[in-house]
Amino acid sequence: MKLKDHLLAGFIPGMLLPLIGVYIYYVFFFSYMGFNSFLHHLEKNNLGLSVLSLGVILNLALFFLFYQFEKDRSARGVIGASFIYAFIVMYFKVLT
């Protein structure tokens with residue numbers, strides 16, 4: 001199976017991977033509580049943006065993977081998704 005070098009081939013995984021990263025964080029550190037309780041804990045302690053920011057770090061690995069295989073358009077999609085998350089985090093940090 002050949003991976004296409006397309007903007008969406010990087011953007012879609014770039015949007016999903018941070019959410020998967022939040023779930024991985026939950027599994028490793030908070031698996032003793034339910035996922036809804038975990039989300040409530042993040043909201044109550046204002047940790048949601050910090051955990052989401054940690055999830056975005058996974059996009060760095062994805063970016064370098066695309067870059068290594070010379071999929072430059074896909075790598076741009078990952079960067080675009082990372083910028084969207086960065087703007088979301090900055091927006092909510094300014095509001096709170």
Side-chain angles (χ1 to χ4, degrees):
M1 182 174 145
K2 186 175 178 181
L3 181 65
K4 295 282 186 179
D5 187 19
H6 193 271
L7 190 70
L8 284 178
F11 183 78
I12 293 172
M15 291 300 289
L16 294 176
L17 202 56
L19 300 176
I20 294 169
V22 169
Y23 184 74
I24 291 170
Y25 181 79
Y26 159 72
V27 168
F28 278 115
F29 298 110
F30 292 93
S31 61
Y32 60 89
M33 64 173 63
F35 191 70
N36 286 334
S37 299
F38 168 69
L39 293 177
H40 179 68
H41 172 74
L42 293 180
E43 180 183 359
K44 185 175 85 174
N45 295 316
N46 292 326
L47 295 173
L49 294 176
S50 300
V51 173
L52 184 63
S53 297
L54 283 174
V56 174
I57 291 175
L58 294 175
N59 278 355
L60 185 62
L62 184 62
F63 169 78
F64 281 118
L65 185 69
F66 281 133
Y67 186 73
Q68 182 70 29
F69 288 106
E70 298 178 357
K71 304 294 184 189
D72 294 335
R73 289 186 186 110
S74 298
R76 286 183 202 161
V78 174
I79 293 296
S82 298
F83 272 113
I84 288 173
Y85 276 112
F87 288 131
I88 290 170
V89 168
M90 287 188 318
Y91 177 76
F92 284 108
K93 287 281 187 181
V94 169
L95 287 181
T96 59

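The shown structure was predicted, so the numbers you read here are calculated from the model rather than taken from an experiment. Reckoned from all heavy atoms, side chains included, excluding hydrogens, waters and symmetry mates.
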Are [X] and [Y] connected in the hydrophobic side-chain network, where two residues link if heavy atoms are under 4.5 Å apart?
| X | Y | value |
| --- | --- | --- |
| L42 | Y91 | yes |
| Y23 | L49 | yes |
| L7 | F87 | no |
| L8 | I20 | yes |

*Could you tell me how the ring of F30 sits relative to the ring of Y32: parallel (under 30°), tilted (30 to 60°) or perpendicular (over 60°)?*
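Answer is tilted, since the angle falls between 30° and 60°.
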*If you round to the nearest 0.5 Å, how far is NZ of K44 from OG of S37?*
10.0 Å
*Could you state the interatomic distance from CZ (R76) to CZ (F63), rounded to the nearest 0.5 Å?*
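Atom-to-atom, R76:CZ and F63:CZ are 10.0 Å apart.
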*Main-chain N/O of M33 paired to Y26 side chain as donor or acceptor, under 3.5 Å*: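 Here the side-chain-to-backbone pair exists.
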*asked:* Strictly distance-based, threshold 3.5 Å: is any side-chain N or O of S74 a donor or acceptor partner for the main-chain N or O of H6?
replied: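 Here the side-chain-to-backbone pair exists.
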Looking only at non-hydrogen atoms, find the nearest pair between [X] and [Y] and report the distance.
| X | Y | answer |
| --- | --- | --- |
| M15 | I84 | CE-CG2, 4.1 Å |
| G21 | L58 | CA-CD1, 3.5 Å |
| L62 | L17 | CB-CD2, 4.0 Å |
| P18 | Y85 | CG-CE1, 3.5 Å |

_Side chains of K71 and L65, heavy atoms from C-beta outward: is any pair under 4.5 Å?_
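The answer is no, as the side chains (C-beta and beyond) never meet within the 4.5 Å cut-off.
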_Checking V78 against F11 for the side chain to side chain contact (heavy atoms under 4.5 Å, CB included) test, could you report, in this order, the C-alpha distance in whole Å, the side-chain angles of both residues, the deciding distance, and whether it holds?_
CA-CA 5 Å; V78 174; F11 183 78; over 6 Å; no
*Where do L47 and H41 land on the side chain to side chain contact (heavy atoms under 4.5 Å, CB included) test, with the steps shown first?*
CA-CA 8 Å; L47 295 173; H41 172 74; 4.3 Å; yes
*asked:* With a sphere of 6.0 Å drawn around CZ of F69, does it hold more than 12 non-hydrogen atoms of other residues, nucleotides or ligands?
replied: no
*In this structure, are over 12 heavy atoms from other groups packed under 6.0 Å from F28 atom CZ?*
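Atom CZ in F28 is not packed in, count stays at 12 or less.
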*Taking it one step at a time, do L39 and F35 satisfy side chain to side chain contact (heavy atoms under 4.5 Å, CB included)?*
CA-CA 6 Å; L39 293 177; F35 191 70; 3.6 Å; yes
